[in-house]
Amino acid sequence: MPVRSAGLLLFRGAPDLEVFIAHMGGPFWAAKHEGAWTIPKGEHSAEEDPLAAAVREFAEEIGAPAPDTEWLDLGEFRYSSGKLVHVFAGAAPTFEIDAVQSNLFELEWPPRSGRRQSFPEVDDARWVALDETRALLTTGQRPVLDALVDRLGLA
C-alpha cells in the first residue's frame, strides 16, 4: 500500500496567480533553493479524510490555521517513489503570516555522529508568482500547478 499524504495549495490573484509554498527545513535543504519548496502537506492513514489531514498538516507545518475557504479537489499525484499526494486548492487572497512556526523532526546530525538534533519541518513559507513556482517546487509536485491552472480555467 502506498504512503499517502495530503496538502493544501493556497492561491490568490488570478489571472496573475500566486501560490503559497513552503521551504523544507533541516540540514539537507538548508542551502538549496530550486527544487526545495513544497506544498504544505503530510502523511495520513488510509482511513483518515484527506482534506482533514491536509488542514491539520498545514497548521502543523506553517504554525497558522488554514484559511476558511472553499477547497477545490485537485486529485492525487503519484511521486516517482510511489507516494500518493492528495492536493486541495483554495483561494486565500488575505492570508498572511508573520513567521513560520513549524513543528520539529529529529535527525542524527551530522550523519553517523550519534548526535540527534531537532529541525523544523518547514523553515520558510511565502507567496510566489506562479511562473517562478515551477522551478522551486519538488519535481513530483510540479504537475499540481498544471492541475490548478486547468481547474481555474487559466490555461
Side-chain angles (χ1 to χ4, degrees), residues 1-26 28-29 32-106 119-155:
M1 185 152 187
V3 174
R4 297 184 171 278
S5 281
L8 300 180
L9 180 61
L10 304 183
F11 64 90
R12 69 180 183 189
D16 296 325
L17 208 56
E18 291 182 310
V19 293
F20 188 79
I21 59 174
H23 186 267
M24 291 182 276
F28 178 76
W29 302 105
K32 294 181 171 77
H33 188 63
E34 289 192 357
W37 293 74
T38 185
I39 296 162
K41 61 169 183 31
E43 293 182 9
H44 67 91
S45 69
E47 296 79 31
E48 186 178 10
D49 174 63
L51 180 56
V55 168
R56 179 194 71 238
E57 290 293 332
F58 185 93
E60 288 178 5
E61 291 193 349
I62 303 304
D68 184 20
T69 188
E70 179 181 338
W71 297 107
L72 307 173
D73 188 341
L74 297 182
E76 288 186 326
F77 300 84
R78 185 177 297 277
Y79 290 2
S80 60
S81 67
K83 181 183 216 177
L84 284 175
V85 180
H86 200 139
V87 179
F88 300 88
T94 61
F95 180 80
E96 294 291 342
I97 59 169
D98 293 327
V100 171
Q101 298 291 322
S102 180
N103 56 338
L104 303 175
F105 70 96
E106 200 171 273
F119 299 96
E121 281 194 42
V122 166
D123 60 20
D124 190 8
R126 64 178 79 155
W127 289 100
V128 179
L130 185 67
D131 60 345
E132 297 171 28
T133 304
R134 188 169 302 277
L136 298 179
L137 281 180
T138 62
T139 304
Q141 291 182 12
R142 293 173 186 167
V144 173
L145 301 177
D146 298 328
L148 176 65
V149 168
D150 287 347
R151 185 69 184 267
L152 296 178
L154 300 174

Side-chain polar contacts of residues 60-67 - donor-acceptor pairs under 3.5 angstrom, sequence neighbours left out - could you list them?
| residue | atom | partner | partner atom | Å |
| --- | --- | --- | --- | --- |
| E61 | OE1 | K41 | N | 3.2 |

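- Residues passing the side chain to side chain donor-acceptor pair (under 3.5 Å) test with E34: none are found, sequence neighbours excluded.
- Pairs of residues two or more places apart, or lying in two chains, that qualify as salt bridge (Lys or Arg N to Asp or Glu O under 4.0 Å) and include a residue from residues 11-26 are R12-E18, R12-E96.
- Rounding to the nearest 0.5 Å places CG of D123 at 11.5 Å from CH2 of W29.
- Pairing each heavy atom of V122 with each of A22, the nearest pair is CG1-CB, 3.6 Å.
- No side-chain heavy atom of Q141 sits under 4.5 Å from any side-chain heavy atom of L9.
- Residue pairs satisfying the ring pair (Phe, Tyr, Trp, His ring centres under 6.0 Å) criterion with at least one member in residues 32-72, sequence neighbours excluded, are listed as follows: H23-W37, H33-W37, F58-F95.
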Listing, residues 144-152 side-chain donor-acceptor contacts under 3.5 Å, not counting sequence neighbours, or none:
| residue | atom | partner | partner atom | Å |
| --- | --- | --- | --- | --- |
| D146 | OD1 | R134 | NH2 | 2.6 |
| R151 | NH1 | D73 | O | 2.9 |

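- For E48, the salt bridge (charged side-chain N to carboxylate O under 4.0 Å, His left out) criterion is met by R56, not counting sequence neighbours.
- For E70, there are no salt bridge (charged side-chain N to carboxylate O under 4.0 Å, His left out) partners two or more places apart in sequence or in a different chain.
- Shown here are the side-chain contact (heavy atoms from CB on, under 4.5 Å) partners of T94, two or more places apart in sequence or in another chain: there are none.
- To the nearest 0.5 Å, atom CD1 of residue I21 and atom OG1 of residue T38 are 8.5 Å apart.
- Taking each heavy atom of R142 and A135 in turn, the nearest pair found is NH2-O, 3.4 Å.
- With values rounded to the nearest 0.5 angstrom, S81 atom OG is found 7.0 Å from K83 atom NZ.
- Between V128 and E132, the shortest heavy-atom contact is CG1-CB, 3.8 Å.
- Applying the ring pair (Phe, Tyr, Trp, His ring centres under 6.0 Å) test to residues at least two apart or on different chains, the pairs with a partner in residues 121-155 are F20-W127.
- Around the CG atom of D68, the shell of radius 6.0 Å holds no more than 12 heavy atoms that belong to other residues, nucleotides or ligands.
- S5 places no side-chain N or O within 3.5 Å of a backbone atom of V85 that could act as its donor or acceptor partner.
- With sequence neighbours excluded, no residue forms a side chain to side chain donor-acceptor pair (under 3.5 Å) with T133.
- Here the closest heavy-atom approach between residue A54 and residue F88 is recorded as CB-CD1, 4.2 Å.
- With sequence neighbours excluded, the residues that form a side-chain contact (heavy atoms from CB on, under 4.5 Å) with L84 are P2, R4, E76, R78.
- Taking CG of L8 as the start and CG of L51 as the end, the distance is 7.0 Å to the nearest 0.5 Å.
- The side chain to side chain donor-acceptor pair (under 3.5 Å) test applied to D124 returns R126, not counting sequence neighbours.
- Considering every non-hydrogen atom in both P93 and A91, the closest pair reads CD-C, 3.6 Å.
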